[in-house]
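To start, the structure under review is shown below, and the notes come after it.
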Amino acid sequence: MEDQARMMLGHIGLTGLSHEDVGDPDNIRKHHNLGQPQQDIGEILQQIMVITDESLDEAQARKHALNCHRMKPALFSVLCEIKERTALSIRGAQEEDGPDPQIMRLDNMLLAEGVAGPERGGASAAAAVVAAAAGGSPAEANIEHSEYKEKLAQIRRMYHAELEKYQQACNEFTDHVMNLLREQSRTRPISPKEIERMVGIIHRKFSTIQMQLKQSTCEAVMILRSRFLDARRKRRNFSKQAAEILNTYFYSHLANPYPSEEAKEDLARKCSITVSQVANWFGNKRIRYKRNVAKLQEEANRYAVKTAVDAASVSSQASQANSPATPNSG
DNA sequence: CCAAATGATTATGT
DNA sequence: ACATAATCATTTGG
């Protein structure tokens with residue numbers, strides 16, 4: 001225990017001067033070269049452990065003693081001087097980071113999904129958006145909706161609980177560090193700016209943790225959404241009549257199967273589906289019709305070529321010198 | 001149960 | 001903004 005005080009002071013060069021080292025310009029080198037670093041580290045660790053074992057009162061007393069040491073003002077000014085000289089290299093390394101675009105994206109998404117923000121309003125707004133995006137009838141949209149809402153609320157609760165926890169931990173930690181720094185500022189020079197910077201560093205660390213939370217929450221919401229709200233998962237075929245109407249239009253406008261907005265609205269009304277469903281249908285129909293035609297055409301061409309080649313080989317047996325190949329048209 | 005059909009979404013190009 | 005093409009997820013018919 002005695003060693004500790006000596007060691008602490010020794011670190012700042014007060015006790016170390018009291019013996020044979022005084023006036024020896026090489027003492028630093030001597031100490032560093034002769035002592036095995038491993039052993040030094042072991043010793044220091046040991047001492048740190050002992051310190052942490054001390055009671056608060058003991059520590060306070062020791063600190064007080066240190067503060068009242070007669071050499072303390074001198075030491076302080078020395079430290080200030082050293083700091084002046086070294087501060088230049090430290091300064092200018094920081095200062096960046098406005099609002100992180102990544103975290104803003106996540107925030108926006110969580111807000112849109114109703115996970116962040118006000119309790120009911122956000123959720124119902126998101127539900128409305130989803131219902132509007134999906135083509136299905138409003139009654140059908142509610143079939144599995146309660147389960148979805150429940151799961152979303154669960155995610156929401158978890159998210160807020162975690163966020164709260166992080167916030168609290170961050171505040172506690174910041175307080176702790178600030179107290180520590182304030183305390184230490186009595187024995188070594190620490191400017192308010194440095195404390196501020198420290199707080200900034202802590203906040204950045206915690207905000208990366210928060211970002212991870214937000215990220216995983218976003219993922220959970222996306223999975224939930226795709227599980228419950230992806231319209232592909234509850235697709236219903238259109239009615240026979242609707243298919244009839246759509247096909248009639250398509251084949252009667254085969255030369256230009258691109259219904260105008262107006263025509264789409266008309267068809268949507270007649271088929272009791274939405275305009276975007278009509279658009280989807282025509283998109284699918286066009287590509288699939290084309291594909292079928294192309295496929296059948298290719299098939300036809302294959303057989304046409306085959307028969308042509310057969311015919312050519314038969315005829316070439318009769319006469320070798322022949323006119324060039326017949327190009328086949330599409 | 002399987003393959004074809006089908007409605008919706010996504011990626012890409014204009 | 002819209003069209004196409006590819007792809008996904010489901011329904012349907014054999």
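Within every chain, numbering begins at 1; the chains are lettered A, B, ... in the order of the sequence lines, protein sequences first and strands thereafter.
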(message) Tell me which residues in residues 279-294 of chain A lie within less than 4.0 Å of DNA chain B, going by non-hydrogen atoms.
(response)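 Hits under 4.0 Å, by residue number: N280(A), W281(A), N284(A), R288(A).
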
(request) Specify whether F250(A) and F282(A) have parallel, tilted or perpendicular ring planes, treating 30° as the upper limit for parallel and 60° as the lower limit for perpendicular. (result)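 If you compare the ring of F250(A) with that of F282(A), the planes turn out tilted.
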
(message) Can you classify the ring geometry of H253(A) versus Y249(A) as parallel (below 30°), tilted (30 to 60°) or perpendicular (above 60°)?
(response)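 Geometry flag for Y249(A) against H253(A): parallel rings.
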
(request) With M198(A) as reference, evaluate I190(A), T174(A), V177(A) under the side chain to side chain contact (heavy atoms under 4.5 Å, CB included) test and give the passing residue. (result) V177(A)

(message) I'd like to check the side chain to side chain donor-acceptor pair (under 3.5 Å) partners of K165(A); sequence neighbours left out, ordered by chain and number.
(response)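 K165(A) satisfies side chain to side chain donor-acceptor pair (under 3.5 Å) with E162(A) once adjacent residues are dropped.
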
(request) Give a yes or no on this: more than 12 heavy atoms of other residues, nucleotides or ligands lie within 6.0 Å of atom CZ of F206(A). (result)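 Atom CZ in F206(A) is packed in, count exceeds 12.
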
What integer distance in Å separates [X]:[atom1] from [N]:[atom2]?
| X | N | atom1 | atom2 | value |
| --- | --- | --- | --- | --- |
| F250(A) | dA3(C) | CZ | C1' | 14 Å |
| K295(A) | dA6(C) | NZ | P | 14 Å |
| K234(A) | dA8(B) | NZ | P | 12 Å |

(message) Which is more 5' along DNA chain C, the nucleotide nearest K240(A) or the one nearest R235(A)? Just name the residue.
(response) R235(A)

(message) Both N237(A) and E261(A) contact DNA chain C. Taking the nearest nucleotide for each, which residue is further toward the 5' end?
(response)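 The residue closer to the strand's 5' end, by nearest nucleotide, is E261(A).
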
(message) Is there a salt bridge (Lys or Arg N to Asp or Glu O under 4.0 Å) between K306(A) and D310(A)? Walk through the geometry before answering.
(response) CA-CA 6 Å; K306(A) 197 174 138 190; D310(A) 284 351; 5.9 Å; no

(request) For dA8(B), take OP1 and OP2 only and decide whether either is under 4.0 Å from a side-chain N or O of Q277(A). (result)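 Yes, because at least one side-chain N or O of Q277(A) sits under 4.0 Å from OP1 or OP2 of dA8(B).
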
(message) dT10(C), OP1 or OP2 - any side-chain N/O from R236(A) closer than 4.0 Å?
(response)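 For dT10(C), OP1/OP2 do not have a side-chain N/O of R236(A) under 4.0 Å.
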
